[in-house]
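Below: one structure, written as structure tokens.
Numbering of ligands and ligand atoms starts at 1, following listing order. All of these numbers come straight from a predicted model, not from anything done at the bench. This chain uses plain numbering: 1 for the first residue, then up along the sequence.
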Amino acid sequence: MPTILLTGATGYIASHTWLSLLSSGFEVLGVDDFSNSSPLVLDRLRELCGTRPVFERLDVTDRVAMHALFARHRIDAVVHFAAFKAVGDSTARPLAYYRNNVGGLLSVCDVMQANGCKRIVFSSSATVYGDPPSLPIREDSPLAATNPYGQTKLMGETMLRDLGAADAAWQTGCLRYFNPVGAHESGRIGEDPRGTPNNLMPFVAQVAVGRRPHLSVFGRDWPTIDGTGVRDYIHVCDLADGHVAALRRLLDTAGCFTVNLGTGQGNSVLEVVNAYARASGREVPVQFAPRRPGDIAACYADPLLAQQLLCWRAKHDLARMCADSWRWQSLNPEGFQ
Ligand code: UDP
């Protein structure tokens, strides 16, 4: 079976993808520098898959270490997750984002090229659509990043598009994630944000488990069903399966692609809060607060292209996303410890 290199392998989406790849029969080699994840993820993966994960601690911007890695392992394709991902942080520390996200991808591609490995799946984001002119969002919607994080994702896509155009041997898949939430059904791995969560569901989870008194709802005057922001929440295990489908396509079919990975369903902040309260049996007190700078009213995918190209579609609904998030949160109230 092909061997897949996962960069940023102990992160939230990557660790779930690791499990999906193993259960689909792929060999996986993971690397991470633990700058935003815990080594304990490796113990949990071992417990869940029954074998010791193949892992090396490494920073992808370290080209010497990356070359040595490729010399030691046969690698058929790369899934490049390693990146910083906090929008607000990116506006405060733009250089760190360009260095790590753009520089990291550049270093990975250089080393891949030198070693004759030309298949890569790239973690992009729906943030590349900015404030979309129409919904649902198709892949040919205009692109407009509104912050440095989004810029790094756009630049990554551009780099891969140019690479594919220059050399038909390169096969690239850009996956535009909508809003990943939930956790593996075992409750053993899940999202473990450092500090105050920026994203809605991990924040709601910490309110439900009693770590925080209430959720601040950013805006109640958006032009949406109940005045709160609408997003396309997708179960992280569906997202993980989307990576397996993308790799299968790259291994089978020449060419490059860019697809949305979303459900096509939009839910408001209050719908998420209510679904979470039902799933957890806990109260989730809310306070209304002003709009968050840079936010948009609504964002949800047209998921048709991924169905056509990858034969993939999301299966889990919001109730299941909340139930799995709650299992992880209640079993691990302080995250990985
Ligand atoms: N949101 C909120 N309170 C929070 C975090 C998020 O009301 O503490 C809202 C936010 O304004 C948006 C939605 O929840 O409408 C999803 O936000 P998130 O940051 O998870 O995703 P993104 O906005 O990046 O798609």
Side-chain angles (χ1 to χ4, degrees), residues 11-13 83-92 97 101 123-132 135-137 141 143-154 175-183 190-209 211-236 239 260-277 284-301 303 314 318 321-322 325 329:
Y12 171 47
I13 302 170
F84 294 153
K85 62 176 185 181
V87 170
D89 188 32
S90 81
T91 41
Y97 276 69
N101 295 9
S123 299
S124 188
S125 164
T127 194
V128 299
Y129 295 118
D131 194 353
L135 294 165
I137 308 178
S141 184
L143 302 179
T146 53
N147 53 68
Y149 165 73
Q151 290 289 0
T152 68
K153 292 298 172 187
L154 263 184
L175 306 182
R176 293 179 178 157
Y177 308 154
F178 281 67
N179 293 58
V181 296
E191 189 170 12
D192 182 16
R194 292 195 174 160
T196 308
N198 296 307
N199 297 114
L200 177 65
M201 196 169 291
F203 202 106
V204 170
Q206 292 192 5
V207 174
V209 85
R211 276 174 70 178
R212 299 183 188 274
H214 68 268
L215 171 77
S216 295
V217 176
F218 300 140
R220 63 188 312 183
D221 57 353
W222 293 103
T224 60
I225 165 179
D226 56 19
T228 66
V230 165
R231 297 291 185 274
D232 183 337
Y233 297 94
I234 176 168
H235 197 295
V236 66
L239 199 59
N260 290 336
L261 292 185
T263 65
Q265 167 79 42
N267 285 109
S268 73
V269 174
L270 293 180
E271 285 173 333
V272 170
V273 166
N274 290 333
Y276 211 96
V284 180
V286 302
Q287 281 183 8
F288 289 96
R291 291 181 177 189
R292 184 171 62 177
D295 257 358
I296 57 176
C299 172
Y300 50 92
L318 183 62
M321 297 177 214
C322 294
S325 164
Q329 185 66 55

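Of the candidates Y177, W222, F203, F218, F218 brings a heavy atom nearest to atom 2 (C) of ligand 1.
If you number the atoms of ligand 1 from 1 as listed, the ones under 4.0 Å from a heavy atom of N179 come out as 21 (O), 22 (P), 25 (O). For ligand 1, the atoms lying closer than 4.0 Å to a non-hydrogen atom of N198 are 5 (C), 19 (O). Atoms of ligand 1 lying under 4.0 Å from at least one heavy atom of S216, given by number and element, are 2 (C), 3 (N), 4 (C), 7 (O), 8 (O). For ligand 1, the atoms sitting less than 4.0 Å from at least one non-hydrogen atom of V217 are 7 (O), numbered in the order shown with element in parentheses. Which parts of ligand 1 touch L215 is read off a 4.0 Å heavy-atom cut-off, strictly below it: atoms 3 (N), 4 (C), 8 (O). Proximity to Y233 (heavy-atom distance under 4.0 Å) selects the following atoms of ligand 1: 13 (C), 16 (C).
Side-chain N or O atoms of Y12 include one that pairs as donor or acceptor with a backbone N or O of V181 at under 3.5 Å.
Nearest to atom 12 (C) of ligand 1 among the protein's heavy atoms is R231 NH2, 3.6 Å. When hydrogens are left out, the protein atom nearest atom 20 (O) of ligand 1 is L200 N, 2.8 Å; that is the closest non-hydrogen contact. Protein heavy atom in closest approach to atom 23 (O) of ligand 1: R292 NH2, 3.0 Å. Closest protein heavy atom to atom 15 (O) of ligand 1: G229 CA, 3.5 Å.
Applying the side chain to side chain contact (heavy atoms under 4.5 Å, CB included) test to R212 and every residue at least two apart in sequence or in another chain returns T196, P197, F203, Q206, V207.
To the nearest 0.5 Å, the span separating CG on N179 from CE on M321 amounts to 10.0 Å. Atoms CD1 and OG, on I225 and S268 in that order, are 6.0 Å from each other to the nearest 0.5 Å. Rounding to the nearest 0.5 Å places OG1 of T91 at 7.0 Å from CG of N147. For the atom pair CG of L143 and OH of Y129, the computed distance is 7.0 Å after rounding to the nearest 0.5 Å.
No side-chain donor-acceptor contact under 3.5 Å links Y233 and T263. In the model, Y300 has no side-chain atom that pairs as donor or acceptor with a side-chain atom of N267 under 3.5 Å.
Geometrically, R292 does not engage F218 in a cation-pi contact, judged by NZ or CZ lying under 6.0 Å from the ring centre and within 45° of the ring axis.
Under 4.0 Å from ligand 1, the heavy atoms of V269 that appear belong solely to its side chain. Under 4.0 Å from ligand 1, the heavy atoms of D295 that appear belong solely to its side chain.
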